[in-house]
Amino acid sequence: MQRIISLADVKSEDFRLNAAHNRALVAELKERQRAARFNRPERDLERLRRQNKMFVRDRVEALLDPETPFLELSTLAANKAYDGEVPGAAQVTGIGIVAGREVIVHADDGSVKGGAWYPLSVKKIVRALDIAIENRLPVVHLCDCAGGYLPLQAEFFADRYYAGRIFRNQSILSKMGVPQVAIAMGHCTAGGAYVPALSDYNIIVQGTGAIFLGGPPVVKAATGEIVSAEELGGADMHTSVSGTGDYFASSEMHAIAIARDVIARLHRPSKTSIDLAASEPPAYNASELYGIIPRDARVQFDMREIIARLVDGSRFHEYQPRYGQSLVCGFARLHGYQIGILANNGVPVSDSSLKGAHFIQLCDKNRTPLLFLQNITGFMVGREYERGGITKDGAKLIMAVSGASVPKFTVVCNGSHGAGTYAMAGRAFDPRFMFTWPQSQTSAMGAVQAAGVLTHVKARQLARKGGRLSERELESIRASILEEYLDRSSAYYASSEIWDDGILDPADTRNALAIALSASLNAPIETPRYGVFRM
Amino acid sequence: MAPPKRSRKTGADSHEIVWMTSVCANYPFDTILIANRGEIAVRIIKTLRKLGLRSAIVYHEIDAGTPAVAMADTAIAIDGRTPIAAYLDITQIIAAAHKANAGAVHPGYGFLSENAAFAKSVVAAALTFIGPAPESIELMGDKIRARNFVQRNGFPVVPSAIEEDDPATFLYRARAMGAPLLVKTSGGGGGKGMQIVSDLGRLEDAIAQAHSEGQRYFGDGRLYVERYIENPRHIEVQVLGDCFGNVVHLFERECSVQRRFQKIIEEAPSPALSPEMRKRICEAAVGIALAGRYRNAGTVEFIFDGAQFYFLEMNTRLQVEHPVTEMITGIDLVAEQIRLAAGHALGFTQPDVVPNGHAIEARLYAEAPKRGYAPTTGKATVLEYPGGNGVRIDSGILRGQQITTAFDPMLAKIIVHSSTRLEAALKAYRAMRELVLLGCETNASFLMRILAGEAFLSGDIHTGYLEQNPHLAAGDADLSSFLATAALLTREIRESADAVPELHAAVGSWRN
Amino acid sequence: MKHSLETNGIEHQLWLSRCRGGYRLSLGDKVITSVAFAHEGDGSGVLSIEGESLPVRFLIDRDIIHINIGGTTRVIRYVEPLRARSCAFAQTNHLVVRAPMPGIVVATKVSPGQLVYTGTPLMVMEGMKLETIIRSQREGVVERIHFKEGENFERDAVLVSLSEGVS
């Protein structure tokens with residue numbers, strides 16, 4: 001495989017300015033992540049200490065094998081919701097190694113609102129369990145949840161993907177033979193009680209852990225019975241009387257040691273075998289990505305420069321290099337695994353769509369997972385393009401993306417707009433994992449055009465009522481619309497709403513994808529099968 | 001009686017010891033009972049074999065698997081409330097001697113070796129006691145009488161206050177000598193019942209404690225206090241006396257490397273003595289022995305402050321460290337003890353005893369220097385002693401033997417002989433390095449650190465050396481190699497490493 | 001959760017990870033980039049540690065490994081995580097006084113049912129030619145004395161059990 005020869009001028013002023021800009025964005029990302037992970041009101045931390053509970057991050061670190069990676073997912077979930085008071089949606093999820101097994105970790109963060117489930121908490125847990133199902137990953141639940149946040153129950157209780165889905169997913173995992181281990185480290189009340197109950201194995205921590213459908217106050221209100229939490233659903237009772245709990249732990253660390261021992265007993269599934277070679281670092285330094293990603297989102301850049309800093313040895317076998325050049329397709333290796341890459345290099349037109357649809361089918365037949373690198377403004381519009389069949393060619397690409405049975409991975413590198421979002425394996429197309437870069441924008445239409453359209457609509461509404469706007473008024477309306485639009489297109493908003501699985505420092509992308517790729521191979525790859533391609 | 005053979009090899013690198021003692025003496029007994037155990041019992045049996053005598057041994061059940069019991073021609077079990085009590089049971093031992101048809105009893109060191117009542121009982125049972133006359137044991141066993149005896153005969157002793165001289169003024173007299181002082185019990189020895197008092201305010205407490213310890217260990221609460229000579233060297237002289245009034249010395253040993261008054265490395269000759277001082281100290285020892293009409297093997301111990309030596313005590317038995325003397329003189333001390341006890345005259349005179357080269361002994365203990373020399377237990381599952389020219393091992397344990405705290409923690413002595421002190425030190429270090437004992441913690445690496453230390457190599461040591469250099473006991477801070485080995489050999493640790501997928505192991509502790 | 005190896009009463013947290021040609025050892029905050037062990041027959045082998053090769057003799061006795069490198073022997077114990085974690089709990093709650101070294105009981109100073117305070121002498125033991133007074137580390141009531149005068153015990157043996165005192 002040929003090595004990509006980078007044409008980036010790392011000494012140029014442009015490169016330097018880009019680098020400064022992107023490094024500042026990454027610094028901001030890291031700071032926001034740090035705050036979401038660790039900034040807590042002192043009284044909450046004090047309460048944990050009083051209760052003799054470990055901070056959720058320490059629990060997760062103790063659970064994981066040392067010296068192994070942890071791919072944390074949706075760290076900034078809910079960062080733009082609930083006035084920012086529910087960092088990480090009060091949940092920690094991710095893929096880590098426990099006793100040598102790849103597992104999904106799901107941990108309630110008791111330092112945020114007592115670990116209460118908010119609507120986005122539920123969405124984050126459901127997503128983590130979806131990942132477990134899709135990739136057949138065992139799950140470790142570190143339960144410390146006081147129950148759902150009642151004032152918002154309408155947004156998380158009843159609907160198909162609301163809280164019930166957590167328990168449904170747990171049951172499906174069990175049915176699939178994918179084990180779950182739960183540790184009750186706090187009170188698991190009401191629905192939360194089912195998380196340990198539906199896990200194949202569970203452990204209860206003496207003193208702090210408890211499982212019950214209604215806690216002591218609820219019991220007292222309902223029947224007048226006065227009972228302590230320990231007596232009602234504590235470790236001793238559940239592990240010796242009810243059988244709801246399997247293992248009695250004398251401390252959280254003891255519980256974690258038991259969980260690790262349980263996981264070490266699990267059957268080690270044989271992974272789907274795909275083409276694998278010895279890993280090799282890229283020939284170009286990942287930190288150069290900062291100088292390559294333009295500081296102005298509208299400036300075009302060559303995606304091969306990105307690929308050169310992601311893949312093994314910067315080697316890339318480009319498919320159809322002379323055809324449909326606005327979509328770069330080709331084979332590469334990532335930590336030794338062969339992947340097929342589709343990367344936008346301009347506005348997609350008919351030929352690039354046809355090339356993409358063809359390449360996807362090649363990879364699917366070849367058992368080669370697919371990586372989509374998005375930088376897409378939406379398909380080309382106009383009479384000439386419609387006559388050339390751009391819609392039916394775009395439909396072919398969407399049909400191929402939807403139908404491909406190999407694992408798909410999507411990184412929103414820059415813009416992700418319009419039908420391009422879909423055709424490049426957006427969230428709705430079930431990529432196994434989807435990540436965004438800090439400066440990326442996701443929206444139905446580019447911000448400036450959209451603001452123009454929306455301003456125009458607003459002016460017309462006013463005109464119908466006989467109003468008339470001055471140029472200055474129009475400009476101010478446009479500015480406020482643009483501001484809101486940009487905010488809602490931002491990676492932070494996407495991540496807050498869990499449209500992605502997290503925002504990545506571009507330099508971390510290679511490792512994140514490698515871990516995701518490895519995880520995806522725990523599930524078998526089905527035989528390729530497609531719907532009808534409109535020819 | 002055949003003259004002694006001076007048939008020692010003189011080649012520079014050949015240090016094989018050829019005993020100069022005649023082996024064709026007549027003995028009034030053909031079987032000797034050994035009232036001891038461990039390495040010294042083995043050591044005695046070896047000489048008995050060489051002399052063509054039969055060996056009998058008493059043993060407590062706990063020692064049934066030890067080499068001495070296996071080597072002895074006859075082994076007779078004895079018992080007691082504790083294993084130690086069995087070896088102190090005079091009645092059982094005398095009975096065993098009769099049962100084994102023994103004509104003599106060798107007490108070794110420790111246990112009953114300096115018990116005059118035992119010596120008397122042996123004689124009363126018409127057996128030969130291989131050691132001095134009971135009167136000598138009594139005299140020298142009473143530290144206060146011994147000290148007065150030596151002083152009376154014109155030999156130097158350390159200034160002291162003796163309680164029984166006038167109990168009412170004892171404290172006053174002790175205090176008047178000024179700090180630092182050493183509180184000793186009259187019956188004490190081997191480090192027991194000794195306390196240094198550097199703050200006179202503590203003197204009264206120390207005396208009270210010594211009373212209690214003396215009473216408990218020796219059934220004798222009498223005390224004396226002497227001027228504590230700081231950082232002295234411990235030098236002792238080996239003497240042999242016959243029943244015809246002849247006494248010779250076999251030169252000195254230095255035993256200044258001590259931990260808590262317990263010798264751990266001994267050597268001969270002492271690097272601290274000038275030829276003139278050596279002559280004086282050896283002659284003093286002979287003088288003391290002559291004055292006491294001493295017969296058999298004995299050791300006169302002195303402390304030496306670099307300019308002056310003072311009588312400390314006389315041990316009326318074979319010493320643990322006797323092999324270094326054997327190595328440099330070529331004289332088998334156990335054989336000599338037997339000859340002398342059998343009533344023979346000394347087979348050689350002072351000019352016949354010519355020291356050759358340098359010998360060092362290191363005592364291998366089942367103890368953890370790092371944990372305050374706490375005794376250790378275990379099983380000597382792997383036991384490999386060093387070998388080669390000039391390396392002698394006096395061991396009381398066998399591979400696979402259980403090591404308990406029932407007795408003294410000494411497992412073996414590693415003795416080396418070379419032509420110079422420096423060579424001997426290096427040889428001792430190499431020998432300790434080659435020694436492998438797995439299954440029970442020992443002080444082996446501690447001994448290595450001492451042997452390789454600047455102070456030891458330059459001969460600049462004294463009895464406070466180890467206390468003043470606690471790093472020697474603490475050992476190396478760097479455990480990396482040991483922990484790495486343990487990690488690689490621990491199944492759980494290796495398995496958890498092997499379980500991590502290659503990719504994740506390569507990525508390491510990455511966080512996004 | 002790291003593994004723990006204990007020697008001379010000190011626990012060392014460590015973790016082994018695979019790397020090219022052997023293992024990497026994280027030891028406290030230190031990383032030893034390359035370690036490997038080649039067995040050479042029973043109980044001996046060669047440790048390679050950062051390019052250096054050291055002959056090793058070893059003996060494995062359940063959780064205890066005796067290792068001799070260059071004449072120095074260390075006794076290292078694998079701290080079994082489950083037992084250690086549940087023991088940590090048991091020790092704080094069952095109030096036991098353990099022997100600091102092997103030895104023999106010289107005298108017992110208390111009797112069952114007696115109220116003791118922090119520092120109350122419980123027992124006089126003798127080990128390594130020294131009398132050591134075993135004192136209570138806390139307030140409580142003597143529940144049981146596990147050894148009689150004259151009896152031998154090993155290091156870490158439970159000498160006296162206490163129960164919570166009436167407050």
Side-chain angles (χ1 to χ4, degrees), chain B residues 81-82 190-192 209 213 216 260 262 367-368 370-379 381-382 384 404-406 409 429 432-442 444-445 448 475-476 479-490 492-494 496-498 500 502 505-506 508-509, chain C residues 3 5 7-9 12 14-20 22-27 30 32 35-37 43 45 47 49-50 52 54 56-61 63-78 80-81 100-104 106 127-131 150 152 154-155:
Chain B
R81 196 177 59 83
T82 63
K192 276 186 180 167
Q209 194 180 334
E213 284 190 9
R216 197 160 59 71
R260 302 191 174 166
Q262 176 83 62
E367 67 182 21
K370 193 174 183 147
R371 295 197 301 273
Y373 305 101
T376 55
T377 54
K379 191 174 178 183
T381 310
V382 174
E384 286 166 24
T404 69
T405 54
Y429 178 83
M432 291 310 301
R433 204 184 152 91
E434 280 171 33
L435 182 143
V436 182
L437 192 160
L438 299 180
C440 180
E441 266 185 276
T442 70
S445 59
M448 283 170 61
D476 304 334
L479 288 167
S480 309
S481 304
F482 294 92
L483 291 171
T485 304
L488 290 161
L489 291 174
T490 301
E492 287 89 340
I493 299 178
R494 216 187 38 242
S496 59
D498 293 344
V500 173
E502 206 172 322
S509 58
Chain C
H3 290 289
L5 291 174
T7 181
N8 274 318
H12 301 268
L14 50 82
W15 187 262
L16 210 56
S17 356
R18 279 194 294 171
C19 64
R20 246 163 237 186
Y23 295 92
R24 188 173 64 233
L25 180 69
S26 311
L27 190 57
K30 190 169 77 173
I32 299 170
V35 292
F37 190 85
L47 171 75
I49 177 160
E50 289 185 321
E52 202 183 346
L54 303 169
V56 174
R57 300 294 308 271
F58 66 91
L59 170 72
I60 299 177
D61 179 12
D63 286 347
I64 294 179
I65 308 182
H66 303 255
I67 298 168
N68 179 295
I69 299 175
T72 299
T73 299
R74 294 270 182 189
V75 180
I76 298 178
R77 182 174 63 93
Y78 176 66
E80 212 288 311
M101 64 188 97
I104 187 165
V106 172
M128 41 191 293
K129 298 187 177 181
L130 288 177
E131 276 188 12
N152 278 294
E154 299 289 297
R155 181 171 167 222

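Hydrogens, waters and symmetry mates are skipped; everything else that's a heavy atom, side chains included, is used. Chain letters run A, B, ... following the sequence lines, proteins first and then strands; every chain starts at 1.
When B/Ala444, B/Pro409, B/Ala484 are compared by the number of non-hydrogen pairs under 4.5 Å with chain C, B/Ala484 comes out ahead. When each of B/Ala487, B/Gly439, B/Ala505 is scored by its heavy-atom pairs under 4.5 Å with chain C, the top score falls to B/Gly439. Annotation: maximal heavy-atom pairing with chain B below 4.5 Å, among C/Ser26, C/Pro102, C/Pro81, occurs at C/Pro102. Note: C/Ile69 leads C/Asp63, C/Val75, C/Ile49, C/Ile69 in heavy-atom pairs under 4.5 Å with chain B. The most heavy-atom pairs under 4.5 Å with chain C, out of B/Thr376, B/Leu437, B/Thr404, B/Leu489, come from B/Leu489. Of the residues considered (B/Thr82, B/Val382, B/Thr381, B/Leu483), B/Leu483 shows the highest number of contacts with chain C, using heavy-atom pairs under 4.5 Å. Between chain C and the residues B/Met432, B/Glu492, B/Arg494, B/Glu502, the largest count of heavy-atom pairs under 4.5 Å involves B/Glu492.
The parts of C/Phe37 that come within reach of chain B are both its backbone and its side chain, each placing non-hydrogen atoms under 4.5 angstrom from that chain. Interface remark: C/Val56 contributes side-chain atoms only to the contact with chain B (heavy atom separation under 4.5 Å). Neither the backbone nor the side chain of C/Arg77 comes within contact range of chain B, judged by heavy atoms closer than 4.5 Å. With a 4.5 Å cut-off on non-hydrogen atoms, C/Ile60 touches chain B through its side chain but not through its backbone. At a 4.5 Å heavy-atom cutoff, the contact between C/Thr7 and chain B is made by side-chain atoms alone. With a 4.5 Å cut-off on non-hydrogen atoms, C/Asn152 touches chain B through its side chain but not through its backbone.
Rounding to the nearest 0.5 Å gives a distance of 8.0 Å between NE2 of C/His66 and SG of B/Cys440. A distance of 5.5 Å separates CG in C/Leu5 from OG1 in B/Thr490, rounded to the nearest 0.5 Å. One finds the OG1 atom of B/Thr485 at 7.5 Å from the CG atom of C/Leu54 (value rounded to the nearest 0.5 Å). To the nearest 0.5 Å, the span separating CG on C/Leu25 from CG on B/Leu488 amounts to 7.5 Å.
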side-chain contact (heavy atoms from CB on, under 4.5 Å) assessment of C/Leu16 paired with B/Ser496
CA-CA 8 Å; C/Leu16 210 56; B/Ser496 59; over 6 Å; no
Working for side-chain contact (heavy atoms from CB on, under 4.5 Å), residues B/Thr442 and C/Thr73
CA-CA 8 Å; B/Thr442 70; C/Thr73 299; 5.5 Å; no
For the pair B/Ile493 and C/Leu14, evaluate side-chain contact (heavy atoms from CB on, under 4.5 Å) and give the outcome as yes or no after the intermediate values.
CA-CA 9 Å; B/Ile493 299 178; C/Leu14 50 82; 3.9 Å; yes
Between C/Thr72 and B/Phe482, does a side-chain contact (heavy atoms from CB on, under 4.5 Å) hold up when you go through it step by step?
CA-CA 10 Å; C/Thr72 299; B/Phe482 294 92; 3.8 Å; yes
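Residues B/Asp498 and C/Tyr23 have side chains in contact (heavy-atom distance under 4.5 Å, counting atoms from C-beta outward). Taking 4.5 Å as the limit, every side-chain heavy atom of C/Met101 sits out of range of all side-chain heavy atoms of B/Arg371. Looking only at side-chain heavy atoms (C-beta outward), B/Val500 and C/Ser17 stay at 4.5 Å or farther from each other. Between C/Ile32 and B/Ser480, some side-chain heavy-atom pair lies under the 4.5 Å cut-off.
Under the side-chain hydrogen bond (donor to acceptor under 3.5 Å, both in side chains) criterion, B/Thr377 pairs with C/Glu154, sequence neighbours left out.
Not a single donor-acceptor pair under 3.5 Å links the side chain of C/Arg57 to the backbone N or O of B/Val436.
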